[in-house]
There are 2 protein chains.
Amino acid sequence: MGNEETVPLAHRVPDLGALELLLTVARVGSLSGAARRLGITQPAASSRIRAMEVRLGVALVDRSPRGSTLTAEGALVTDWARQVVEAAEAFDAGAQALRGRRDSRLRVAASMTIAEYLLPGWLIALRGERPDTAVSLHAGNSADVAKRVLAHEADLGFVEGLSVPEGLDSAVIAQDRLVVAVAPTHPWARRSKGVAAAELAGTALILRERGSGTRQVLDAALASAGGLAAPLLELASTTAVKAAAVSGAGPCVLSELALVDELAARRLVEVAVAGAPLARALRAVWPTGARPAGPARDLLSLTRRG
Amino acid sequence: MGNEETVPLAHRVPDLGALELLLTVARVGSLSGAARRLGITQPAASSRIRAMEVRLGVALVDRSPRGSTLTAEGALVTDWARQVVEAAEAFDAGAQALRGRRDSRLRVAASMTIAEYLLPGWLIALRGERPDTAVSLHAGNSADVAKRVLAHEADLGFVEGLSVPEGLDSAVIAQDRLVVAVAPTHPWARRSKGVAAAELAGTALILRERGSGTRQVLDAALASAGGLAAPLLELASTTAVKAAAVSGAGPCVLSELALVDELAARRLVEVAVAGAPLARALRAVWPTGARPAGPARDLLSLTRRG
DNA sequence: TAAGGTCATAAACTGATGTTATGGGTAACG
DNA sequence: CGTTACCCATAACATCAGTTTATGACCTTA
């Protein structure tokens, strides 16, 4: 985090077009075929792949008169490239929803965690089924979402939290779980049995600002264990909370959705908590009686199928 | 999956340089400050941010004579951008390791799942602590990894699977779990109680090719339930397996690491399995007696701290 | 009011990426 | 066998996004 790069990331990593081309080559099995599919000429594809190989210092594809297949290294690079492209697709889906605003046909309001981590994926899926549906997205806290849905400024809302706001019907679409996480160097990381609710309640934590859904659930869960201690840090964004915890400032509490990467890469370690219900439902909400129809129904069924 | 795009993704999403710039603006609080930090001039930063706002059709930053702060939409876009940049950093970490090859100081061999999903994150962390350590990476199956480590062609190996190959010491660094997943439209997705081991064993599944670690664990886990049925499809890559399952061809079985995105986006739904131990240990391995030292020890401690 | 910070605009330069136009390979088929 | 039809590589030229340099306008603070 925050170390000085002599040369910026963008000069060491091929751009999205090149990564997309590589994925297409892997899928199609030839440079010229991939070029056709992407609407460019074969020499352009050839030179771009070669430039990428030179930049990375690794041979990516085996060329033959019958086509091109990935080398072993190329297969690995392609998988990493796919991660980047999928993140870019999520970016695109979110950005398109944001651009829509007034003139779009499906207006969604969602709490921050859902808007950030889940909605882009759903929108990609929705675009797959209903390519013509234009979506707009507004992100805020639970109260804000409820207000917009009640005022018919949004066709469908998504909230996390314990209770459903007045005047709204809801459906549980998934379970989320709050996770206590610490840097690997923190003493709690070595505890095989985790911490008790009372100890968690008595510890100064790194938290989101008051008013966030996360904060409410945590408050409620620890009420019977003596209530939440004064926070160590109160930060405005999920990212700031994670960064503080990674640097070893103390334990943080966040949605598992927000912590997937950090936990997988072991920048943070989960600490089990005994005796506190840190699960919470993620709900879709709509005005009482007004069952979602049309595009809202499509999106809703995407999120809860199963 | 595979629908025709009129305009390629790369033209709808800002390139990595622009996304990095946006993140820096968010962190630093001014366009000119971000420009300085990235080694470009202020007009370049200004025009790039503006171009991004035009392309997305959304105002991202509030400009004032005292600096620039993110708008509400800008904060959301920045979070999506961060996902893309982090994926690009993982790409870079992996690619650098791949480029090193012979002349590097730390040679790592890892099974596919670990190389693909975990190692890039560890390498980023390692670079944070020991910026000068050059790493090379070879990916293969468990036997391949063992061979390289035994031949001292790799300083440290990572394998998934039930047993530790002969002649190697090991340390468990994490638990992985095999997950049975189906498309949301599949009948199993509606089962609240999941499937029994015997039913899973009797069902034709979408699997990786024989010889993969995943396949071995599954074989062993279902041995007592009658053994694995003939597969529905045997595919060469994790991605192909996922794609087939998403399209509804049938249930697939993969590491939870490989399924994080699909499950979060609900392109696939997890099916609980009763009575089969689908957990497996991820292990670091080294030649018996030769305790990892130097950079290998640094990397190892990164992965198992806690 | 002068100094130091912010951001915006204009004009010229640069390079990556694209094109068209070629040529050289392998394979399948009558 | 040639003919056809794929594949890939190279060369020369065109285009455009992103860059720098140069300048101006705005606000805050000493």
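This structure is a prediction, so every number in the text was calculated from the model and none was measured. Each chain gets a letter, A, B and so on, in the order its sequence line appears, and its residues count up from 1.
Note on A/T41: a base of the nucleic acid sits closer than 4.0 angstrom, heavy atoms only. Residue B/D15 is classed as a sugar-phosphate contact, given heavy-atom separations below 4.0 Å to backbone atoms only. Contact annotation for A/S32: backbone-only contact, meaning every heavy-atom pair under 4.0 Å involves sugar-phosphate atoms and none involves a base.
You can see that DNA chain C meets the heavy atoms of chain B within a 4.0 Å-exclusive cut from C/dT6 to C/dT9, reading 5' to 3'.
Remark: P of D/dT20 and CG of B/L38 are 11 Å apart, rounded to the nearest angstrom. To the nearest angstrom, P of D/dT19 lies 11 Å from CD1 of B/I49. A straight line from CG of B/L31 to P of D/dG18 spans 16 Å, rounded to a whole angstrom.
With rounding to the nearest 0.5 Å, the separation of CE in A/M112 from OG in A/S142 is 12.0 Å. Interatomic distance, B/T78 OG1 to B/R27 CZ, rounded to the nearest 0.5 Å: 12.0 Å. To the nearest 0.5 Å, the span separating CD1 on B/I124 from CD on B/Q96 amounts to 10.0 Å. Rounded to the nearest 0.5 Å, atoms CG (B/L38) and OG1 (B/T24) are 4.0 Å apart.
Sorted by first and then second residue, the pairs that involve residues 230-239 of chain A and meet side chain to side chain donor-acceptor pair (under 3.5 Å), not counting sequence neighbours, are A/R208-A/T238, A/R215-A/E234, A/T239-B/D79, A/T239-B/R82. Legend: salt bridge (charged side-chain N to carboxylate O under 4.0 Å, His left out) pairs involving residues 113-123 of chain B, not counting sequence neighbours: none detected. Applying the salt bridge (charged side-chain N to carboxylate O under 4.0 Å, His left out) definition to pairs two or more places apart or across chains, those involving residues 41-56 of chain A are A/D15-A/R48, A/E53-A/R63.
Considering only side-chain N and O atoms, A/S46 lies nowhere under 4.0 angstrom from the phosphate OP1 or OP2 of D/dC8. Between D/dC7 and A/R63, no contact under 4.0 Å exists linking OP1 or OP2 to a side-chain N or O. Between D/dC8 and A/S68, a contact under 4.0 Å exists linking OP1 or OP2 to a side-chain N or O.
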Distance-only donor-acceptor hits, side chain of residues 65-72 of chain A, under 3.5 Å, sequence neighbours excluded:
unit_1 : atom_1 : unit_2 : atom_2 : d
A/T71  : OG1    : A/A59  : O      : 2.8
A/T71  : OG1    : A/L60  : O      : 3.1
A/T71  : OG1    : A/G74  : N      : 2.9

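Looking only at distances, no side-chain donor or acceptor of B/K242 sits under 3.5 Å from a matching main-chain atom of B/L268.
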Write down the protein N/O and nucleotide N/O pairs, taken from nucleotides 23-30 of chain D, whose separation is under 3.5 Å; answer none if there are no such pairs.
none

